[in-house]
Amino acid sequence: MTEPEVLCVGEAMVLVAPARGERLATARGAALGVAGAESTVAQYLSDLGHRTAWASRVGTDPLGERVLAAIARSGVDVGHVERDRSAPTGVYFKDPGPEGTRVHYYRTGSAASRMTPAYLDRLPLSTARLVHLSGVTPALSDGCAATSTALFERARAAGARCSFDVNYRAALWSTRQAAGPLLTLARQADIVFVGLDEARHVWGTGTAEQVRELVGPGVRLVVKDADIGATHFPPRDGPAVFAPANPVEVVEPVGAGDAFAAGYLSAWLRGAEPADRLRFGHRLAAFALGVVGDHADASVLRTTGAAG
C-alpha cells in the first residue's frame with residue numbers, strides 16, 4: 001500500500017460473545033469477532049476513504065491470523081504488525097446480563113502488551129498526517145505506557161498531528177493509576193476525545209468547561225456527554241461549539257465512541273468546521289449503535305461527506 005494518511009496504534013483482540021440474552025456460564029455456543037479501540041477507528045476511517053494503517057503485535061497463532069484478516073478486509077494496511085512466537089494474541093469475553101454487559105479480559109502477557117518504544121522505529125511516522133492512540137494502550141504494561149508517550153513525542157517531531165481518546169477501562173487499571181498518565185497523554189495530543197462521565201470518574205471534573213481547564217490550551221478538545229451531545233473546544237481562544245447527539249434505536253451499545261472519533265477525525269482531515277466534525281461524529285456513532293459488533297462497514301456514508 002501507499003504510505004498511510006492515518007496511523008492507529010494499539011491492541012486488537014479476538015472477541016468471544018454468546019448469543020444475545022445468554023450468559024457465558026450457561027451459553028451453549030458463542031461467536032468469534034475482532035475488536036480493539038484503535039483498530040476500530042482505523043477500520044471506520046478506511047471505510048470513509050482514508051489511507052489508514054494499524055500497527056500492533058499479535059501472536060503467531062490462529063487468533064492472530066484472524067485479527068489480521070478481519071482488519072485487512074476493511075482496507076486497512078496491516079503490514080506494520082509484528083508477529084510474536086513467544087506470546088499469544090489477546091482474547092476477551094462478553095458476558096451479557098440484566099444489569100449490563102460485563103467484559104472479561106485475557107490479555108496479560110499478550111503479544112501487544114510487549115510493545116516497547118523500539119517498535120516505533122519501524123513505523124511510518126514521518127509520512128503519516130495523523131497518529132491515533134487510546135488510553136487502553138498505556139494500561140497494558142509499563143512497556144506500552146512508555147511506547148504511548150514516545151509515540152506522541154516522535155509523531156509530533158515528525159510533523160504528524162496526534163489524536164488521543166481517553167477511553168478509560170476500569171478492568172485494566174484503577175483511577176489512581178490512570179489519572180496521571182491519561183492526563184499527560186491528553187496534554188501531549190493535538191485532538192482529545194473524552195466522555196464527561198469518564199472525566200468525572202478519573203479526574204473529578206464535573207463539567208465540560210472543567211475538563212477544558214484541566215487539560216489546558218493548545219488542544220482541540222471534544223467532551224462527549226452520552227446521548228445528549230458533544231462540545232468542541234478550540235485549541236486557542238474562541239467559543240465552544242455544541243452539537244446534540246442523534247436519536248437512535250440502540251441495537252448494541254458497543255463501538256460508538258470509536259465510531260464518533262473516526263467520524264470527527266475524517267471530517268477534520270477533510271477540512272470541515274468544528275460543528276460539522278461533531279455532526280459527522282454523531283452520525284457515525286449512531287450508525288455503530290444500530291449494528292451488532294464493534295465495527296460494521298460504513299462505506300455507505302462515504303459519499304455523503306462530513307456535513308451530510
Side-chain angles (χ1 to χ4, degrees), residues 8-18 23-25 33-41 56 90-110 112-113 115 132-149 163-189 192-208 210-211 214-215 221-228 230 250 252-261 285 288-289 293-295:
C8 301
V9 181
E11 183 172 37
M13 299 174 293
V14 167
L15 163 65
V16 183
R23 303 298 300 266
L24 276 174
V34 171
E38 295 89 353
S39 60
T40 300
V41 171
S56 187
V91 180
Y92 78 105
F93 291 75
K94 285 184 181 178
D95 187 19
E99 70 285 358
T101 297
R102 298 185 64 185
V103 174
H104 300 271
Y105 292 118
Y106 295 84
R107 68 200 309 178
T108 302
S110 69
S113 74
M115 279 191 290
H132 180 73
L133 178 76
S134 88
V136 173
T137 300
L140 299 181
S141 66
D142 290 343
C144 284
T147 301
S148 299
T149 300
S163 166
F164 181 61
D165 189 340
V166 171
N167 221 344
Y168 172 69
R169 292 289 181 266
L172 297 177
W173 50 356
S174 67
T175 55
R176 180 184 58 81
Q177 295 170 312
L182 292 177
L183 183 57
T184 296
L185 287 165
R187 288 173 173 171
Q188 277 187 282
V192 174
F193 303 95
V194 62
L196 186 58
D197 55 345
E198 64 182 341
R200 182 180 296 116
H201 188 62
V202 176
W203 295 325
T205 49
T207 66
Q210 289 175 346
V211 179
L214 179 67
V215 174
L221 174 66
V222 179
V223 181
K224 302 171 291 179
D225 192 2
D227 58 356
I228 296 174
V250 177
E252 186 175 72
V254 175
D258 298 323
F260 179 93
L289 288 169
D294 283 45
H295 169 261

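Reckoned from all heavy atoms, side chains included, excluding hydrogens, waters and symmetry mates. Computed from a prediction, not measured in an experiment: that's the story for all the values here.
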task: Just do the side-chain contact (heavy atoms from CB on, under 4.5 Å) check on Leu133 and Gln188 with the steps written out, would you?
output: CA-CA 11 Å; Leu133 178 76; Gln188 277 187 282; over 6 Å; no
If you define the side chain from C-beta out and look only at heavy atoms, does anything of [X] sit under 4.5 Å from [Y]?
X: Asn167; Y: Asp258; answer: yes
X: Leu140; Y: Met115; answer: no
X: Tyr106; Y: Val16; answer: no
X: Val41; Y: Phe193; answer: no
X: Glu198; Y: Thr175; answer: no
X: Gln210; Y: Val223; answer: no
X: Leu24; Y: Arg102; answer: no

Could you tell me whether a side-chain N or O of [X] sits under 3.5 Å from a main-chain N or O of [Y], the two making a donor and an acceptor?
X: Glu38; Y: Ser134; result: yes
X: Tyr168; Y: Ala199; result: no
X: Ser56; Y: Ala112; result: no
X: Arg23; Y: Pro96; result: yes

task: Among Thr184, Leu185, Leu183, find the one that has a side-chain contact (heavy atoms from CB on, under 4.5 Å) with Arg187.
output: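 That would be Leu183; it is the only one of Thr184, Leu185, Leu183 passing the side-chain contact (heavy atoms from CB on, under 4.5 Å) with Arg187.
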Check against side-chain contact (heavy atoms from CB on, under 4.5 Å), Val136 and Leu172: CA-CA 8 Å; Val136 173; Leu172 297 177; 3.8 Å; yes
Where do [X] and [Y] come nearest, in terms of heavy atoms and distance?
X: Ala259; Y: Ala288; answer: CB-CB, 3.7 Å
X: Trp203; Y: Leu182; answer: CZ2-C, 3.9 Å
X: Ser163; Y: His132; answer: OG-ND1, 2.8 Å
X: Ala230; Y: Phe260; answer: CB-CZ, 3.9 Å
X: Ala285; Y: Ala256; answer: CB-O, 3.6 Å
X: Ala145; Y: Pro138; answer: CB-O, 3.6 Å

message: What's the separation between atom CD in Glu11 and atom SG in Cys144, rounded to the nearest 0.5 Å?
response: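 Answer rounded to 0.5 Å: 7.5 Å.
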message: So, taking the atom named CG in Asp227 and the one named CG in Leu289, what distance separates them when rounded to the nearest 0.5 Å?
response: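 Those atoms lie 9.5 Å apart.
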task: Take Phe164 and Val194 through the test side-chain contact (heavy atoms from CB on, under 4.5 Å) and record every step on the way to the result.
output: CA-CA 9 Å; Phe164 181 61; Val194 62; over 6 Å; no
